[in-house]
Structures are given as structure tokens and as C-alpha cells.
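Have a look at this one before I ask anything.
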Amino acid sequence: MKKLAFVFILIHIIIFILWIMNSGYLFSPFGMLAWIAIVAIGFMIQIKLDKVSINRRILATSNGWMVFLMVATVFIYFAVSSMP
């Protein structure tokens with residue numbers, strides 16, 4: 001489970017890089033669906049890890065950051081779409 005957590009942390013880093021680049025792959029319907037699924041699976045892995053594991057803390061921080069990016073993306077979308 002620890003190796004899987006490490007893989008998801010790396011995937012979160014890749015998603016963050018794609019978010020910074022404003023990648024069309026990430027913001028396509030398939031990309032958004034994959035992003036949401038990866039975060040949901042990341043939360044499930046986080047729950048299964050040991051309570052004191054450093055991987056759990058890093059994954060929790062990474063999951064929280066992904067949720068923040070999703071909320072920021074929604075706010076940015078609505079702000080830009082409401083401009084004349």
C-alpha cells in the first residue's frame with residue numbers, strides 16, 4: 001500500500017504540473033474525470049494507510065492540495081466565463 005501511495009503522490013505532482021501549464025489534456029472532460037477519480041482513490045488509499053505513516057501525511061497533504069486546485073479551477077472558470 002505504501003508503494004501505491006507513492007505512485008499517487010507522483011501522479012498528483014504530474015497533475016499539478018499540468019495545471020500550471022493549463023494543459024488541454026487535464027481540462028478535457030476525460031482529464032477532469034480522471035483527475036476526480038485519482039483524488040477519490042487517493043483518499044481511499046490514505047484511509048487504508050497506517051495512522052502514523054509519513055506517506056499518509058504526505059498523501060493527505062497532496063489530496064488536500066488537489067481538492068484546493070479543483071475548487072480554484074471552478075472559481076477561475078466562473079470568473080472568466082462571466083466576463084463580457
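Since the structure is predicted, the reported quantities are computational estimates derived from the model, not experimental observations.
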Is the backbone of Tyr77 close enough, under 3.5 Å, to the side chain of Ser81 for a donor and an acceptor to pair up by distance?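 Yes; at least one donor-acceptor contact below 3.5 Å.
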Please name the pair of heavy atoms, one in Gly42 and one in Leu59, separated by the smallest distance, quoted to 0.1 Å.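 So the two residues come closest at O-CD2, 3.5 Å.
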Does any non-hydrogen side-chain atom of Lys3 lie less than 4.5 Å from one of Phe6? no
Side chain to side chain, Lys2 and Leu49, heavy atoms closer than 4.5 Å: yes
Can you confirm whether Trp35 sits close enough to Leu69 that some side-chain heavy atom of one is under 4.5 Å from a side-chain heavy atom of the other?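 SC-SC contact between Trp35 and Leu69 confirmed.
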Interatomic spacing from CE in Met70 to CD1 in Ile15 - rounded to 0.5 Å: 7.0 Å
Linking I/L/V/M/F/W/Y whenever any side-chain heavy atoms sit under 4.5 Å apart, do Val39 and Met44 land together? yes
Please collect all ring pair (Phe, Tyr, Trp, His ring centres under 6.0 Å) contacts where either partner lies in residues 49-71, sequence neighbours excluded, each pair once. Phe16-Trp65, Trp65-Phe68
Quick one: CD1 on Ile38 to CD1 on Ile11, what's the gap to the nearest 0.5 Å? 5.0 Å
Within this structure, what is the OG1-CE distance for the pair Thr61 and Met66, rounded to the nearest 0.5 Å?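 These two atoms lie 11.5 Å from each other.
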Please list, one pair per line, the donor and acceptor atoms closer than 3.5 Å that link side chains of residues 19-26 to other protein atoms, with sequence neighbours excluded.
residue : atom : partner : partner atom : Å
Trp19   : NE1  : Thr73   : OG1          : 2.7
Ser23   : OG   : Tyr25   : N            : 3.2

